[in-house]
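Read through the structure below, which is laid out as structure tokens, and then see the notes.
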Amino acid sequence: MMKMKKLAILASAFALSATLSANALAKDTIALVVSTLNNPFFVSMKEGAQQEANKLGYNLVVLDSQNNPAKELANVQDLMVQAPKLLLINPTDSDAVGNAIKMANQAKIPVITLDRVASKGDVVSHIASDNRVGGKMAGDFIAKKVGADAKVIQLEGIAGTSAARERGEGFKQSLDQNKFKLLASQPADFDRTKGLNVMQNLLTAHPDVQAVFAQNDEMALGALRALQTAGKTDVVVVGFDGTADGVKAVEGGKLAATVAQRPDQIGVIGVETADKVLKGEKVSATIPVDLKLVTQ
């Protein structure tokens, strides 16, 4: 009888030990809410974050907001039930994201923004390239290729995003400095198909265009297709982001240049920073990610 009791105690102790070991191995969860996964730039950002989460031993939950602020808010509401240790968010809209961030603030979940800033709510750190510098780099490259007084069209990103606003501001600095003639500046929402359609319409009104600055590579590739269809092979097209498709088009001599952001590094640094925050370390309010002008 005593022997049976000893065996039962040993079995119970073993089970408890196994439970404690399993708990010790349980990974903390970090959430990543992305504006859209229908864009190679943000897919690359997600992959960088996933790679670093795996390396540091975190469980990464990724949700796609599909470029819809209402979907973004719903995503964050769903996450509050799961209670992640930290929220990484790439806003669909700098103003609209405020409600989602405030929700995380109330739940005492630290927030880090990626690529696009948030106008409201408390954010521990913002990780992004300097979009203004990038916009000016693009304009200055056009000035070198085409010269001052160049006739230029700009394709803008999604209105309300900090990336679109800041890239436009940087480009305007170069525009004013180099005295470009801005024929038109219209949104194409960071989308390749919209870039194609908007560029086709603008070409009808402005067949004398000499250069195009598109605020991301997807729109640049759409604009390129419109120009090729119209038989215009001498127009300088510059993109932004440095996506795989964008860089490939530059290497093939189709795009003149792209301002490379290294979105994978934004994801990697996002998770690295999250790790520091969760360990109680101090982090900078803004963490820049280097830009590079990619040309042939």
Side-chain angles (χ1 to χ4, degrees), residues 35 39 41-42 45 90-95 113-119 126-191 195 198-199 202 209-224 235-243 246-247 250 255-263 265-266 269 284-295:
S35 60
N39 181 324
F41 180 85
F42 298 114
M45 180 191 291
N90 158 239
T92 56
D93 178 285
S94 297
D95 290 329
T113 48
L114 305 179
D115 186 54
R116 300 170 181 169
V117 297
S119 305
H126 174 62
I127 299 157
S129 304
D130 190 325
N131 284 302
R132 288 184 186 87
V133 169
K136 189 170 187 309
M137 280 170 77
D140 291 349
F141 175 80
I142 288 170
K144 280 181 188 171
K145 294 291 282 186
V146 186
D149 304 320
K151 294 173 183 175
V152 181
I153 285 173
Q154 177 177 219
L155 297 184
E156 304 165 18
I158 297 169
T161 61
S162 57
R165 184 179 67 251
E166 290 163 8
R167 289 172 197 182
E169 287 169 1
F171 184 66
K172 188 177 185 305
Q173 286 174 18
S174 184
L175 187 146
D176 292 343
Q177 188 179 313
N178 294 294
K179 301 193 168 38
F180 293 149
K181 184 179 179 186
L182 187 64
L183 301 176
S185 186
Q186 283 189 23
D189 298 345
F190 292 133
D191 183 84
V198 171
M199 193 68 212
L202 290 175
V209 62
Q210 295 173 286
V212 176
F213 169 51
Q215 291 180 357
N216 83 337
D217 286 343
E218 288 295 286
M219 294 188 296
L221 292 167
L224 195 65
V235 177
V236 171
V237 182
V238 179
F240 201 120
D241 281 347
T243 61
V247 171
V250 171
L255 275 189
T258 178
V259 180
Q261 275 208 89
R262 300 188 67 202
Q265 279 304 298
I266 295 175
I269 295 167
S284 300
T286 305
I287 301 173
V289 180
D290 290 342
L291 287 168
K292 178 186 172 189
L293 187 71
V294 178
T295 61

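Worth knowing before you read on, the calculation uses all heavy atoms, side chains too, and leaves out hydrogens, waters and symmetry mates. Since we're looking at a predicted model, the values are computed, not measured.
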Exercise for review: Mark yes or no for whether S94, through its side chain, and V117, through its backbone, hold a donor-acceptor pair below 3.5 Å.
Suggested key: yes
Exercise for review: Could you tell me which non-hydrogen atom of A188 sits nearest to which non-hydrogen atom of M219, and how far apart they are?
Suggested key: CB-SD, 3.4 Å
Check your understanding: Where do V209 and L183 come nearest, in terms of heavy atoms and distance?
Key -> CA-CD1, 3.7 Å
**Study point:** Side chain to side chain, F42 and D115, heavy atoms closer than 4.5 Å
**Key:** yes
Review point. Among all residues two or more places apart in sequence or in another chain, which pass the side-chain hydrogen bond (donor to acceptor under 3.5 Å, both in side chains) test with N216?
Key: none
Point to revise | Under 3.5 Å: donor-acceptor pair, side chain of D217, backbone of T243 | key: yes
Check your understanding: Given V289 and I127, is the side chain to side chain contact (heavy atoms under 4.5 Å, CB included) satisfied, shown in steps?
Key -> CA-CA 7 Å; V289 180; I127 299 157; 3.9 Å; yes
Point to revise | Separation of Q215 CD from R165 CZ (nearest 0.5 Å) | key: 11.0 Å
Review point. What pair of heavy atoms forms the shortest contact from D95 to S119, and how long is it?
Key: OD1-OG, 2.7 Å
Exercise for review: Determine yes or no for a side-chain-to-main-chain donor-acceptor pair under 3.5 angstrom, with T258 supplying the side chain and G242 the backbone.
Suggested key: yes
Check your understanding: Between N90 (side chain) and L114 (backbone), is there a donor-acceptor pair under 3.5 Å?
Key -> yes
Practice item. Given side chain to side chain contact (heavy atoms under 4.5 Å, CB included), test F180 with V146 step by step and report yes or no. Key: CA-CA 10 Å; F180 293 149; V146 186; over 6 Å; no
Check your understanding: Taking the side chain as C-beta and beyond, is there a heavy-atom pair between R262 and D290 under 4.5 Å?
Key -> no
**Study point:** L155 and L202, any side-chain heavy atoms less than 4.5 Å apart
**Key:** yes
Practice item. Can you see which heavy atom on A220 is nearest to which on G239, and at what distance? Key: CB-CA, 3.8 Å
Point to revise | Residues K172 and D176 bridged, charged N to O under 4.0 Å | key: yes
Exercise for review: Can you see which heavy atom on S174 is nearest to which on G139, and at what distance?
Suggested key: OG-C, 3.0 Å
Exercise for review: I would like to know whether V235 and Q210 meet side chain to side chain contact (heavy atoms under 4.5 Å, CB included); could you show each step before the answer?
Suggested key: CA-CA 5 Å; V235 177; Q210 295 173 286; 6.0 Å; no
Review point. Distance from I158 atom CD1 to D93 atom CG, nearest 0.5 Å?
Key: 9.0 Å
Review point. Are V259 and F141 side-chain neighbours, meaning at least one heavy-atom pair lies under 4.5 Å?
Key: no
**Study point:** Any L291 side-chain heavy atom under 4.5 Å of S129 side chain
**Key:** yes
Exercise for review: Would you mind reporting whether M45 and F41 have side-chain heavy atoms less than 4.5 Å apart?
Suggested key: yes
Point to revise | Least distance between heavy atoms, F213 atom then G135 atom | key: CZ-CA, 4.3 Å
Check your understanding: Taking the side chain from E218 and the backbone from F190, do they hold a donor-acceptor pair closer than 3.5 Å?
Key -> no
Practice item. Please determine if D241 and R167 form a salt bridge, counting it only when a charged side-chain N lies under 4.0 Å from a carboxylate O. Key: yes
Exercise for review: Could you go through the side chain to side chain contact (heavy atoms under 4.5 Å, CB included) check for I153 and M199 one step at a time?
Suggested key: CA-CA 9 Å; I153 285 173; M199 193 68 212; 3.9 Å; yes
Check your understanding: Distance-only, no hydrogens or angles: does the E169 side chain make a donor-acceptor pair with backbone N or O of R132 under 3.5 Å?
Key -> no
Practice item. For S162, enumerate each residue passing the side-chain hydrogen bond (donor to acceptor under 3.5 Å, both in side chains) test, keeping only those at least two apart in sequence or located in another chain. Key: none
Check your understanding: Does a side-chain heavy-atom distance below 4.5 Å link V152 with L175?
Key -> no
Review point. Is a donor on one side and an acceptor on the other found under 3.5 Å between the side chain of R116 and the backbone of P91?
Key: yes
